[in-house]
K.L.:
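Dropping a structure here in structure tokens format, bear with me for questions.
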Amino acid sequence: MKDALDIAKKTFNEYDKNKDGVLSVAELKPLLERIANLLNLPEASEEDIENGMKKLDFNEDKVLEFNEFFRFFKEVYQALVDKM
């Protein structure tokens, strides 16, 4: 799972556009669109993204810290590996 951790850190930093150490809904949206495209899933609506953020945001501060993001990322990473 070290590969997943390294990729997650790189991905998180790539999408953390303002470099504040967290992902906002606005920063998360393009990432979710990219993931949907990679997995051949329908594009997420604004409501889907907001609901997803609520589910992932365990401390309810309306942003994703890396540990919250990594929980989600591990599932996506495994889905991508399984698809290959």
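One is the number of the first residue; the rest follow in order along the sequence. Computed from a prediction, not measured in an experiment: that's the story for all the values here.
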K.L.:
May I ask you to test the Phe72-Leu64 pair for a side-chain heavy-atom distance under 4.5 Å?
P.N.:
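No, side chains not in contact.
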K.L.:
With ILVMFWY side chains joined below 4.5 Å, transitively, what does Val63's cluster contain besides itself?
P.N.:
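Once heavy-atom contacts under 4.5 Å are chained together, Val63 belongs with Val22.
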K.L.:
Answer yes or no on whether Arg71 is positioned over the face of Phe66, meaning its NZ or CZ is under 6.0 Å from the six-membered ring centre and within 45° of the axis.
P.N.:
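Not flagged: Arg71 not positioned over aromatic ring of Phe66.
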K.L.:
Looking at every non-hydrogen atom in both residues, tell me the closest pair between Pro42 and Ala36 and how far apart they are.
P.N.:
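Smallest heavy-atom distance, with atoms named: O-CB, 3.8 Å.
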K.L.:
Same hydrophobic cluster for Phe58 and Met53, using side-chain heavy-atom links shorter than 4.5 Å among ILVMFWY?
P.N.:
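No: no chain of side-chain contacts under 4.5 Å links Phe58 to Met53.
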K.L.:
Can you name the nearest heavy-atom pair linking Asp16 to Gly21, along with the distance?
P.N.:
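Heavy-atom minimum between the residues: OD2-N, 2.8 Å.
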K.L.:
Taking all heavy atoms of Phe73 and all of Ala8, pick out the closest pair and write down the distance.
P.N.:
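So the two residues come closest at CD2-CB, 3.4 Å.
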K.L.:
What pairs with Asp48 under side chain to side chain donor-acceptor pair (under 3.5 Å), at least two apart in sequence or on another chain?
P.N.:
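Asp48 satisfies side chain to side chain donor-acceptor pair (under 3.5 Å) with Ser45 once adjacent residues are dropped.
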K.L.:
Name the atoms and distances for all side-chain donor-acceptor pairs under 3.5 Å in residues 23-33, with sequence neighbours left out.
P.N.:
| unit_1 | atom_1 | unit_2 | atom_2 | d |
| --- | --- | --- | --- | --- |
| Ser24 | OG | Ala26 | N | 3.4 |
| Ser24 | OG | Glu27 | N | 3.2 |
| Ser24 | OG | Glu27 | OE1 | 3.4 |
| Glu27 | OE1 | Ser24 | N | 2.9 |
| Glu27 | OE2 | Lys17 | N | 3.0 |
| Glu27 | OE2 | Asn18 | N | 3.3 |
| Lys29 | NZ | Glu46 | OE2 | 2.6 |

K.L.:
Quick one: side chain to side chain donor-acceptor pair (under 3.5 Å) partners of Asn37, sequence neighbours excluded?
P.N.:
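For Asn37 there are no side chain to side chain donor-acceptor pair (under 3.5 Å) partners, ignoring immediate neighbours.
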K.L.:
Would you mind listing every salt bridge (charged side-chain N to carboxylate O under 4.0 Å, His left out) that reaches into residues 52-69, with sequence neighbours excluded?
P.N.:
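Counting only pairs at least two positions apart or across chains, no salt bridge (charged side-chain N to carboxylate O under 4.0 Å, His left out) contact touches residues 52-69.
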K.L.:
I'd like to check the side chain to side chain contact (heavy atoms under 4.5 Å, CB included) partners of Glu14; sequence neighbours left out, ordered by chain and number.
P.N.:
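Residues passing side chain to side chain contact (heavy atoms under 4.5 Å, CB included) with Glu14: Arg34.
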K.L.:
Test side chain to side chain contact (heavy atoms under 4.5 Å, CB included) on Phe70 and Leu5 and set out the steps.
P.N.:
CA-CA 8 Å; Phe70 188 58; Leu5 180 60; 4.0 Å; yes
